[in-house]
Amino acid sequence: MLVFCTIPRPFKFEIGKQELNCMAPPTTLAVGSLVWVEDSDIAWIDGEVVQVNGEDIKVLCTSGKMVVVKASNVYPKDAEAPSCGVDDMTKLAYLHEPSVLQNLRSRYDMNEIYTYTGNILIAVNPFRKLPHLYDSHMMAQYKGAAFGELSPHPFAVADAAYRLMINDGISQSILVSGESGAGKTVSTKLLMQYLAYMGGRAASEGRTVEQQVLESNPVLEAFGNAKTVRNNNSSRFGKFVEIQFDRRGRISGAAVRTYLLERSRVCQVSDPERNYHCFYMLCAAPPEVSSF
Ligand SMILES: Nc1ncnc2c1ncn2[C@@H]1O[C@H](COP(=O)(O)OP(=O)(O)OP(=O)(O)O)[C@@H](O)[C@H]1O
């Protein structure tokens, strides 16, 4: 059995600063060291230490600005980090917030929206369609490939879970987490699409379970999704998707459990947000459907 759980989170950088600091090797700051300092406009900016005066560090930023910051607020920068980033952040010399963000940004600039941190997949929402990433050719490539062998991808996560389930005979779960609009719903659909590909039955066998699960999404979204300031199709409920497989690894059943629907939205919506899609669909439907 495979389950997915989508959990909306408040906006927060996933890996806490403290935790990351612990992972960074101790560094000595000296004149000439390359560092990251916090910036009110662009979050983090890199620069070079030009003066060390006890706890006070003077940094010449790449923007040309000179700042004085406390040594505890300065993070070392890896001068040898590849400009195209790394596909697994455990390869970074420093695993602190600016280094992680810089790596994600470098990859994003090259249309690489997925990055691993060990066996965790980080997805950066591209806010545009990238169909070549998800076609059947791509699914065929990930089928049976060792985790980490190909570029980071939700298909690799789904494939690893599927194979663990088949080989070890133990149920697997995939947790999809992120702030509103991060791409949880899209990622979950991709995972389901891949599992339907792996465990699906031939079209000749009639309307299959995986088809029914994928087709249930628009209905669930009509009643549980709404436009918010962060996302035009925001899920206002948590979702627990369970997919059951038979011994041969073919999908035999599925269950979708929903919880914590934001019920107050039905009677109270603040502009420019909207009520649940189903109400607008009913109003837009031809009279014979809406009077049904
Ligand atoms: N991998 C992707 N490729 C292209 N567009 C994406 C991708 N992921 C997300 N998007 C875009 O971002 C929008 C928001 O994503 P999604 O609805 O999955 O967010 P969410 O995390 O489920 O948000 P919420 O918690 O509000 O429901 C999608 O409607 C889609 O337009």
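All ligand and atom numbering here is 1-based and tracks the order in the structure.
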Ser234 and Arg236: side-chain hydrogen bond (donor to acceptor under 3.5 Å, both in side chains), yes or no, with the steps?
-> CA-CA 6 Å; Ser234 182; Arg236 309 312 298 162; 2.8 Å; yes

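Under 4.0 angstrom from ligand 1, the non-hydrogen atoms of Thr185 come from both its backbone and its side chain. Residue contacts with ligand 1, taken as heavy atom pairs separated by less than 4.0 Å, do not involve Arg230 at all. Residue contacts with ligand 1, taken as heavy atom pairs separated by less than 4.0 Å, involve Pro126 solely via side-chain atoms from C-beta onward.
Within the structure, the closest approach of Phe237 to ligand 1 does not fall below 4.0 Å when heavy atoms are considered. Close to ligand 1: Ala182, with a non-hydrogen atom less than 4.0 angstrom away. Close to ligand 1: Arg128, with a non-hydrogen atom less than 4.0 angstrom away. Assignment of Leu130 to the shell around ligand 1 is not supported, since no heavy atom sits closer than 4.0 Å.
The option with the heavy atom closest to atom 12 (O) of ligand 1, from among Val124, Asn231, Thr188, Asn125, is Asn125. Distances from atom 23 (O) of ligand 1 to the heavy atoms of Gly181, Ser234, Gly183, Gly238 put Gly181 nearest.
Every atom of ligand 1 with a heavy atom of Asn233 under 4.0 Å away is listed here by number and element: 17 (O). Of all the atoms in ligand 1, the ones that sit under 4.0 Å from a non-hydrogen atom of Tyr114 are 1 (N).
Side chains of Asn233 and Glu221: a donor on one and an acceptor on the other come within 3.5 Å. A donor atom on one side chain and an acceptor atom on the other are found under 3.5 Å apart for Glu97 and Trp44.
In this structure, Phe223 has its ring center no closer than 6.0 Å to that of Phe237.
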